[in-house]
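Small disclaimer: the values here were computed from a predicted structure and weren't measured. In this chain, residues are counted from 1 in sequence order.
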Amino acid sequence: MPAQAPTSARSAYHPSQIEGDERILHALNRFTFGPRPGDLEAVRTMGLDRWFDQQLHPAAIEQAQLNARLAEYPAMQLNSEQLLYRMPSNAVIREALAGKVPVPEQGTLHAVYENQMFRVAEKKQEKQNEVPATKSAQASAAAMNTGAAMSPNGAAAKLLSSLDADGEDARPANAMAGATAPSGLEPSRIAALLALPSQQRIRRLSAMQPAEFDELFKSLRGPQRAALMAGLSPEMKETVGGLENPQRTVTEEVIAQRLTRDIYSNAQLQEVMTDFWFNHFNVYLSKNEAMPYYLVSYERDAIRPHALGKFEDLLEATAHSPAMLLYLDNAESIGPDSRAAERAKMNAAPNTGNPKKAQEGLNENYARELMELHTLGVNGGYTQADVIQVARILTGWTVDRPQRGGGFEFNPNRHEPGTKKALGKKFKENGEGEGRELLHFLATRPATAQFVSRKLAVRFVSDEPPESLVKHLAKSYLSSGGDIAAVLKTMFHSPEFWSTAIYRAKVKTPLEYVVSAARTSNADITNLRPLANALREMGMPLYGAIPPTGYKWDASDWISTEALVNRMNFALSLAANRLPGISTTWSPKDSQPIVTEPNPQSEESRLEGILISGAVSHSTRSAVLEQFAAQNTSGQAAQPQPRAQSMPVSASRPPAPAATEKQDQLLAGLLLGSPEFQRR
């Protein structure tokens, strides 16, 4: 019998496509801000395709928990004009001091204005160092008296009349005039204030002189500040914020409600896409004093409702937004041959005796970024001549009373007359209609389809996405008329998206990292400031990108030694409950059986399944346990103590020993800082 040829060992099977639960985890990590406990099981039960289709239709998703949390920020539902009236910016206050803005006659809103007028006048006095002290004081007193004089019919007195029933000390009708900082508030007075019922507490704060109010808030300690806010309704809390610093309160609430949505919304794909499109159509929070107020409606009304709709509708909404027109200066643009330009030339003519210079006129900033960053891309085939013509088309697109929160306005006097030719197309004179025609033209260009598709592929697939995928997405964009949901569906069903080569290959941005850590740890959050601070320390403050390019999605901007240290410090602080107003619990729930007495190895394995929902590498696991041992040896963590004997599931479980919880906190923090968690 002939000898058989030796058979070679069969090579191990390595699939090219993500399979099983990893497929669900991949979708959760790319289309959400990271899975929360139970998400994997929920999607497995529902079916991945059905889950994704549900995410494409956010209006049908239940949001009771999110809405309850967003109710803490009632001012975020106001339009820009209402918001600037309720929470006046420093610019509004300066106009109030000049008599250009009416001051509310009574109530807490009157006190908000009066407090801010006092502070603005005080800062102005501090800057007048070169003026003799007596003259400076006189000027400050005059400015403060001007503010009080704008209160018709003794507005402050009207405010106080409503407080007499509570037996409060009357606040002088001119509370600002001659007000000086008190030498100190007696502890008994602070205690009496904190003991008042909530409504009376607000009335007392509103009745304080500005200097006394500021002295109070400087002297309050953490527990006292908490006691002051205890029992207050969301509207009352906003009142306190307005009395203390209305502009800062608006900024903090804008950031807080955004983080609330990112962490708690069940319509995660909508929030991820809102983040994507805000970055694509970036505006900078601190461009001017009105920008935080406009930014509220910009994201709420222009970005989020269109995040999964038609790109052209989104482009139209951002182009008409005061936030965009102010950020990229189109609100100031004037056609060179417009009626406004002719009038400016006449006013600047030498024979008029008016030394005022003619206004510069045409501003090209928005026109350039509209093509380079919003639609065609830097290689989209436009020239400098096209930029000029597009800028001419968009003259007259401005903002009505920007310091007061006015909306979009088309001003025909500023609009450049005549036919324009841009990108090879003629645009006949048609006022605002020229701009709308231009936006439609740009939204339907193949270059726009290619540019937008590539950015989406970078965000969701890879820093260097396959050209085959980009072309496939662009084709879907054009055939669907720029339907964003259709493009995402094409991506979801493409083989490139499910390639094993991209599984956990994308580095999280700081926002993705912080929000995913809050979600996976199931943290109970009542104070979002620590998360906002962490983002600032990691170099990605919300709404803080100064250039119109926004933040980048690729790893190169977010990987450095300092960045990794900041992430690890945040992870350890979050896990150990060292962030005020944020708490986590790592001990097993009562329903979970104890199989063995807990030790670092078993607890690391348990937490690994909770936080990362998949195996970490052997090197990561070893590094976590080694670092844990080093921390214990150095005395920075308590030595873990074994629990009592194992109990059946049905038995009641005693509270976990403090040492065991500290052990879990350290292990959880190290896992949250691991390479596997920092990638998605």
Side-chain angles (χ1 to χ4, degrees), residues 30-33 55-59 254-255 257-259 261-262 265 267-285 287 291 294-328 366 369-377 439-440 442-445 448-461 465 470 473-474 476-477 480-492 509 511-512 515 540-545 547-554:
R30 297 300 172 98
F31 291 122
T32 79
F33 279 108
Q55 288 294 310
L56 291 175
H57 300 87
V254 170
I255 293 171
Q257 62 86 28
R258 167 66 183 279
L259 286 170
R261 289 180 180 276
D262 290 350
S265 176
Q268 277 286 293
L269 181 56
Q270 183 183 42
E271 295 310 317
V272 167
M273 290 304 297
T274 296
D275 176 50
F276 174 85
W277 289 123
F278 188 98
N279 199 64
H280 183 84
F281 296 103
N282 182 59
V283 300
Y284 174 47
L285 176 68
K287 165 74 174 183
M291 188 59 74
Y294 279 118
L295 195 148
V296 174
S297 61
Y298 180 63
E299 184 175 82
R300 182 191 66 206
D301 304 327
I303 302 289
R304 185 170 287 106
H306 303 292
L308 291 166
K310 293 277 189 173
F311 179 78
E312 183 174 346
D313 295 338
L314 177 59
L315 185 65
E316 275 261 7
T318 58
H320 282 88
S321 170
M324 181 60 72
L325 295 172
L326 292 171
Y327 172 59
L328 290 177
Y366 178 54
E369 308 307 354
L370 175 64
M371 291 187 287
E372 179 178 327
L373 299 179
H374 299 172
T375 55
L376 304 175
L439 294 175
H440 172 74
L442 290 172
T444 54
R445 293 304 89 200
T448 300
Q450 188 82 5
F451 180 64
V452 170
S453 295
R454 181 174 298 280
K455 287 194 73 172
L456 285 168
V458 170
R459 168 64 180 81
F460 288 101
V461 180
V470 175
L473 298 180
S476 177
Y477 177 102
S480 67
D483 189 312
I484 298 165
V487 175
L488 291 175
K489 189 178 292 186
T490 298
M491 179 188 296
F492 180 79
T509 66
L511 177 64
E512 292 164 345
V515 173
M540 196 181 188
L542 272 176
Y543 312 117
T549 49
Y551 294 117
K552 292 184 179 180
W553 300 117
D554 51 303

Discussion item. I'd like to check Tyr294 versus Val283 (side-chain heavy atoms, cut-off strictly below 4.5 Å). Are they in contact?
Written reply: no
Discussion item. Run the side-chain contact (heavy atoms from CB on, under 4.5 Å) test on Phe281 and Met324 for me, step by step, so that the C-alpha distance in whole Å, both residues' side-chain angles and the decisive distance to 0.1 Å come before the verdict.
Written reply: CA-CA 8 Å; Phe281 296 103; Met324 181 60 72; 3.9 Å; yes
Worksheet entry | Side-chain donor/acceptor of Asn282 to backbone N/O of Ala545, under 3.5 Å | yes
Worksheet item: Would a 4.5 Å heavy-atom cut-off, applied to side chains only, mark Arg300 and Gln257 as touching?
Response: no
Worksheet item: Looking at Ala474 and Gln450, what are the two nearest heavy atoms and their distance?
Response: CB-OE1, 3.7 Å
Discussion item. With a 6.0 Å cut-off (strictly less than), is the heavy-atom count around NZ of Lys489, excluding the residue itself, greater than 12?
Written reply: no
Worksheet entry | Asp262 side, atom CG; Leu542 side, atom CG - distance, nearest 0.5 Å | 7.5 Å
Worksheet item: Got a sec, which residues hit side-chain contact (heavy atoms from CB on, under 4.5 Å) with His280, two or more places apart in sequence or on another chain?
Response: Trp277, Phe311, His374, Phe451, Lys455
Item to complete: Using a strict 4.0 Å threshold on nitrogen-to-oxygen distance, state whether Arg258 and Glu271 make a salt bridge.
Response: no
Discussion item. Walk me through whether Phe460 and Phe31 qualify under ring-ring contact (aromatic ring centres under 6.0 Å, His included).
Written reply: CA-CA 7 Å; Phe460 288 101; Phe31 291 122; 5.3 Å; yes
Item to complete: Side-chain contact test, heavy atoms from C-beta onward, threshold under 4.5 Å: evaluate it for Val470 versus Leu456 and give yes or no.
Response: no
Fill in: Residue pair Met291 / Tyr327, side-chain heavy-atom distance below 4.5 Å
yes
Item to complete: Quick one: closest heavy-atom pair of Ala317 and His306, and the distance?
Response: CB-CD2, 3.8 Å
Worksheet item: With side chains defined as the heavy atoms from C-beta onward, is the minimum distance between Arg445 and Thr375 less than 4.5 Å?
Response: no
Practice prompt. I would like to know whether Val452 and Ile484 meet side-chain contact (heavy atoms from CB on, under 4.5 Å); could you show each step before the answer?
Written response: CA-CA 10 Å; Val452 170; Ile484 298 165; over 6 Å; no
Discussion item. Check whether Gln55 reaches the backbone of Gln268 with its side chain - one donor and one acceptor, N or O, closer than 3.5 Å.
Written reply: yes
Practice prompt. Measure from the side-chain N and O atoms of Thr448 to the backbone N and O of Thr444, and report whether any donor-acceptor pair falls under 3.5 Å.
Written response: no
Worksheet item: What residues, two or more places apart in sequence or in another chain, satisfy side-chain contact (heavy atoms from CB on, under 4.5 Å) together with Pro541?
Response: Arg536, Tyr551
Practice prompt. Could you tell me whether the side chain of Thr490 and the main chain of Leu473 form a donor-acceptor pair under 3.5 Å?
Written response: no
Worksheet entry | Sidechain N-carboxylate O distance under 4.0 Å for Glu512, Arg459 | yes
Practice prompt. Tell me, please, which residues at least two apart from Tyr543 pass ring pair (Phe, Tyr, Trp, His ring centres under 6.0 Å).
Written response: Phe278
